[in-house]
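What you see is a predicted model; the values in this text were computed from it and never measured.
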Amino acid sequence: MTAPESSANLSRVPCTVVTGFLGAGKTTLIRHLLENAGGKRLAIIVNEFGDIGIDGEILKGCGIDTCPEENIVELANGCICCTVADDFVPALDQILSLTPKVDHILIETSGLALPKPLVQAFQWPSVKSRVTVDGVIAVVDGPALAEGRVANDIDALQAQRAQDETLDHDDPVEEVFEDQLACADLIILSKSDLMDAAGSARAHAVIGKHAARAVKIVPASQGKVDPSVLLGLGLAVEDDIENRKTHHDDELDHEHDDFDSFVIDIPSISNPDELALRVATAAEEQNVLRVKGFVEVGGKPMRLLLQAVGPRVNHYYDRAWTADDDRRSRLVVIGLKGLNRPAIERILAG
């Protein structure tokens with residue numbers, strides 16, 4: 001059985017994921033953030049490879065005290081969504097070991113990256129205990145959209161695809177565009193100063209056609225967006241990412257009738273690690289896919305948050321209980337149709 005992992009870390013570092021095609025304006029947006037961070041100490045993970053795509057040297061050359069060169073980590077081994085296990089976690093370790101500690105991490109994906117696999121990596125116990133996804137920002141090329149294209153230079157995107165040997169998704173550009181929008185909490189319509197009112201209306205219409213859900217669109221010129229609009233969203237996107245449907249989801253995710261879900265009330269516990277072991281046991285013995293919920297630990301004023309994906313269990317105290325809270329232990333259990341509820345309740349109740 002896989003041993004559960006835990007953390008009582010109350011202060012996870014927020015991360016903002018910036019996605020969008022080659023040439024959309026991601027680096028310009030990030031550079032403006034660096035120059036107007038108001039003393040906030042930032043770090044950046046830049047996903048690029050070869051001499052195509054984002055040039056990390058643009059950011060390293062900013063000369064900003066709150067984001068020195070050692071705070072900028074380049075991933076040059078290919079598309080981050082396809083190499084997340086090999087590249088992302090070591091980069092994160094490197095940044096989190098910096099002194100002084102960083103206040104916020106910006107992650108700039110390559111032009112063809114799919115945001116969802118990256119955000120899902122924040123569910124891994126070794127990651128989730130230390131960082132959280134503050135928000136996903138999708139940067140789109142306004143003038144290109146106004147002209148009916150999702151990117152200004154489709155040929156450059158195809159060249160980028162051909163050069164990246166690690167890329168394991170070979171999808172139409174419009175599908176990648178839709179996946180980027182599907183994961184976004186905010187859409188930045190770049191180069192807005194290069195469009196007239198009619199062009200802006202056409203660009204908005206294209207976004208509306210491709211977006212799977214309603215997301216606010218913020219126009220920007222030369223990447224100038226107030227940092228307060230982009231940072232500090234506090235959305236913990238990793239907890240919601242499964243609800244953001246993309247072209248690359250398992251078809252079962254669209255068929256909710258294939259799943260069982262129910263809530264179990266359990267007694268107050270004394271040892272979170274013992275509960276985590278019971279959750280891992282339920283996952284292995286009863287084919288439970290997800291368990292999540294809040295738990296009361298006897299003698300503790302803090303609320304325990306538990307999240308499990310299969311036998312991988314993560315738990316930590318997220319905040320103090322308040323007078324308005326329903327102070328009891330409740331777990332949501334999710335699995336494929338046919339779950340043995342009585343057996344699962346026996347395991348989790350101890």
Side-chain angles (χ1 to χ4, degrees), residues 14-38 40 42 44 46-47 53-55 58-59 62 64 67 104 106-115 119 133-154 156-157 173-235 237 244 246:
C15 301
T16 296
V17 176
V18 181
T19 186
F21 282 144
L22 175 69
K26 301 189 297 294
T27 301
T28 304
L29 179 76
I30 289 177
R31 180 160 185 163
H32 182 265
L33 282 175
L34 295 182
E35 294 170 344
N36 297 274
K40 190 185 293 286
L42 302 178
I44 308 171
V46 184
N47 181 205
I54 308 305
D55 187 357
I58 294 175
L59 299 173
C62 286
I64 297 170
C67 188
H104 203 110
L106 304 173
I107 303 174
E108 181 178 358
T109 70
S110 73
L112 290 171
L114 306 174
V119 176
V133 182
D134 186 61
V136 177
I137 310 298
V139 183
V140 299
D141 188 321
L145 294 181
E147 295 173 8
R149 294 174 284 115
V150 296
N152 182 56
D153 193 339
I154 299 297
L157 280 175
V173 167
E174 286 202 350
E175 285 192 6
V176 177
F177 178 71
E178 289 178 354
D179 281 12
Q180 292 174 349
L181 294 187
C183 294
D185 299 294
L186 202 62
I187 296 172
I188 303 301
L189 185 64
S190 72
K191 310 171 190 175
S192 291
D193 54 321
L194 303 181
M195 295 183 290
D196 58 16
S200 179
R202 290 194 299 272
H204 277 76
V206 173
I207 294 171
K209 173 185 174 183
H210 289 279
R213 59 197 179 96
V215 176
K216 292 293 184 183
I217 301 172
V218 177
S221 302
Q222 300 176 348
K224 294 179 179 179
V225 179
D226 191 319
S228 65
V229 174
L230 303 177
L231 307 182
L233 303 183
L235 296 176
V237 181
R244 304 183 185 192
T246 72

Legend entry - Considering all heavy atoms, the nearest S192-P219 contact: OG-CB, 3.3 Å
Inset, instruction - Would you please test V140 and L181 for side-chain contact (heavy atoms from CB on, under 4.5 Å) and show each step? - result: CA-CA 9 Å; V140 299; L181 294 187; 3.9 Å; yes
Legend entry - Side-chain (D134) to main-chain (G234) donor-acceptor, under 3.5 angstrom: yes
Inset, instruction - Could you walk me through whether S190 and L29 pass the side-chain contact (heavy atoms from CB on, under 4.5 Å) test, one step at a time? - result: CA-CA 9 Å; S190 72; L29 179 76; over 6 Å; no
Inset, instruction - Start with the C-alpha distance between M195 and R202, add both sets of side-chain angles, then the distance that settles side-chain contact (heavy atoms from CB on, under 4.5 Å), and finish with yes or no. - result: CA-CA 10 Å; M195 295 183 290; R202 290 194 299 272; over 6 Å; no
Legend entry - H104 side, atom NE2; I44 side, atom CD1 - distance, nearest 0.5 Å: 11.0 Å
Inset, instruction - Measure across I188 and A220 and return the closest heavy-atom pair with its distance rounded to 0.1 Å. - result: CG2-CB, 3.7 Å
Inset, instruction - Find the distance between CD (Q180) and OG1 (T246) and round it off to the nearest 0.5 Å. - result: 11.0 Å
Inset, instruction - Compare all side-chain heavy atoms of V176 with those of L114 and state whether any distance is below 4.5 angstrom. - result: yes
Legend entry - Derivation of the side-chain contact (heavy atoms from CB on, under 4.5 Å) call for L145 and L189: CA-CA 9 Å; L145 294 181; L189 185 64; 4.2 Å; yes
Inset, instruction - Write down the atom of V139, the atom of G25, and the distance for their closest heavy-atom approach. - result: CG1-C, 4.0 Å
Inset, instruction - Give a yes or no answer on whether the side chain of K191 reaches the backbone of P143 with a donor-acceptor pair at less than 3.5 Å. - result: no
Inset, instruction - Locate the shortest heavy-atom distance separating K26 from T109; write the atom from each residue and the value. - result: CE-O, 3.1 Å
Legend entry - Distance in Å, L231 CG paired with T16 OG1, rounded so as to fall on 0.5 Å steps: 5.0 Å
Legend entry - Residues in ring-ring contact (aromatic ring centres under 6.0 Å, His included) contact with H210, at least two apart in sequence or another chain: F177
Legend entry - Main-chain N/O of G223 paired with T28 side-chain donor or acceptor, under 3.5 Å: no
Inset, instruction - State the CD1-CD1 distance between I107 and I30, to the nearest 0.5 angstrom. - result: 10.0 Å
Legend entry - I207: which of V215, I187, V150 passes side-chain contact (heavy atoms from CB on, under 4.5 Å): I187
Inset, instruction - Considering non-hydrogen atoms only, spot the tightest contact between C183 and P115 and give its length. - result: CB-CB, 3.9 Å
Legend entry - Side chains of V237 and V17 in contact at under 4.5 Å (non-hydrogen atoms): no
Inset, instruction - Working to the nearest 0.5 Å, report the span between CG of D193 and CD of Q222. - result: 6.0 Å
